[in-house]
2 protein chains.
Amino acid sequence: MPDTAGCPDCERINEVLSRVGDRWSVLVVISLARYGTLRFNELKRNLGISQRMLSLTLKELERDGLVNRTYHPTIPPKVEYTLTEMGQSFHAPVSALGSWALGNLNRIDAARQAYDNKAGGEIGTDAPA
Amino acid sequence: MPDTAGCPDCERINEVLSRVGDRWSVLVVISLARYGTLRFNELKRNLGISQRMLSLTLKELERDGLVNRTYHPTIPPKVEYTLTEMGQSFHAPVSALGSWALGNLNRIDAARQAYDNKAGGEIGTDAPA
DNA sequence: CGGTATCCCAAATGATACTG
DNA sequence: CAGTATCATTTGGGATACCG
């Protein structure tokens with residue numbers, strides 16, 4: 001049993017992150033923040049997510065109080081999703097993380113290549129014949 | 001193949017997030033940001049992470065240029081981990097996310113209970129006999 | 001259209017044992 | 001102490017088919 005002793009906050013942060021921190025949740029929140037209101041299949045197309053995962057993700061987000069689901073009992077049915085107030089407040093830190101990600105992708109790629117080159121060249125020190 | 005069309009940034013954000021966005025990476029970064037320098041087993045104890053996952057996580061973080069690994073070839077060996085400059089800059093948005101998490105855990109729990117109660121009571125509208 | 005149910009595969013992770 | 005290797009299990013997630 002993991003205890004996360006010594007970093008008591010880690011335990012709780014971990015808790016929330018394992019709920020709303022998965023990639024699909026993050027991407028759904030980002031999309032809804034950008035477009036305001038989206039229907040089920042709009043989200044599906046936008047994110048390239050499978051129907052199953054979108055359904056599960058949205059249900060979780062609704063349950064956690066981050067998104068609002070509005071069902072219009074027309075034919076064919078129409079369901080619209082928006083962010084709740086809490087969902088919008090969640091978008092702020094997520095957006096910060098996204099910005100960092102975009103701003104550092106290149107540096108990370110560079111670091112990776114440097115690391116891989118060093119590791120790869122370790123076996124033979126000089127150039128291959 | 002998922003395309004993430006319509007949200008071009010999502011694609012790249014997704015990329016970085018799937019690298020450094022997993023829960024163990026986040027928790028390692030938080031711990032190192034708090035304590036400055038930690039040895040392998042200190043991290044292991046602090047986070048309640050398995051040896052294997054810590055090893056993998058640290059290797060990835062080092063590769064991505066977020067943590068520094070210093071090996072002291074003593075007996076017994078001693079390895080110290082710190083955040084690189086980029087690692088520290090990553091800590092800022094992560095910290096924001098962590099703060100949000102801590103500040104909203106209760107509200108999320110409340111939303112969950114409300115949701116679950118509503119769902120559970122849906123079958124029979126009045127109280128059980 | 002907006003799901004839910006089922007099946008099945010791939011990736012993540014923990015437990016354990018072994019090594020330098 | 002600081003790992004690596006192997007195994008077994010759980011979980012994530014796509015494909016498909018069906019329902020209201």
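Quick note on labels: first sequence line is chain A, next is B, and so on, each numbered from 1.
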Return all side-chain donor-acceptor pairs below 3.5 angstrom for residues 47-54 of chain A, not counting sequence neighbours, or 'none' if the list is empty.
residue : atom : partner : partner atom : Å
A/Ser50 : OG   : A/Met53 : N            : 3.3

Side chain of [X]: nearest nucleotide among [options]?
X       : options               : value
B/Ser50 : D/dG3, C/dC1, C/dG14  : C/dG14
B/Phe40 : D/dG3, C/dG14, C/dG3  : D/dG3
A/Arg23 : D/dG14, C/dT4, C/dG14 : D/dG14
A/Met53 : D/dG14, C/dC1, D/dA17 : D/dG14
A/Arg39 : D/dG13, C/dC1, D/dC1  : C/dC1
B/Gln51 : D/dG3, C/dG2, D/dC1   : D/dG3

Check the phosphate of [N] against [X], side-chain N and O only, distance under 4.0 Å to OP1 or OP2. Yes or no?
X       : N     : answer
B/Ser55 : D/dG3 : no
A/Tyr81 : C/dC1 : no
B/Arg69 : D/dG3 : yes
B/Lys59 : D/dT4 : yes

For this session: Grab the two heavy atoms, one from A/Ser31 and one from A/Leu43, that are nearest each other, plus how far apart they are.
Result: CB-CD2, 4.0 Å

What is the distance, rounded to the nearest whole Å, between atom [atom1] of [X] and atom [atom2] of [N]?
X       : N      : atom1 : atom2 : answer
B/Leu38 : D/dC1  : CG    : P     : 15 Å
A/Asp22 : D/dG13 : CG    : P     : 7 Å
B/Glu80 : D/dG3  : CD    : P     : 12 Å
B/Lys44 : D/dA2  : NZ    : P     : 11 Å
B/Leu54 : C/dA12 : CG    : C1'   : 15 Å
B/Ile75 : D/dA2  : CD1   : C1'   : 13 Å
A/Leu56 : D/dG14 : CG    : P     : 11 Å
A/Arg52 : D/dT11 : CZ    : C1'   : 10 Å

For this session: Answer yes or no: is there a donor N or O on one side and an acceptor on the other, between the side chain of B/Thr82 and the main chain of B/Gly36, under 3.5 Å?
Result: no

Exercise. Would you call B/Glu85 and A/Arg107 a salt bridge, taking side-chain N to carboxylate O under 4.0 Å as the test?
Worked result: no

Problem set entry | Under-4.0 Å salt bridge between B/Arg39 and B/Glu42 | no

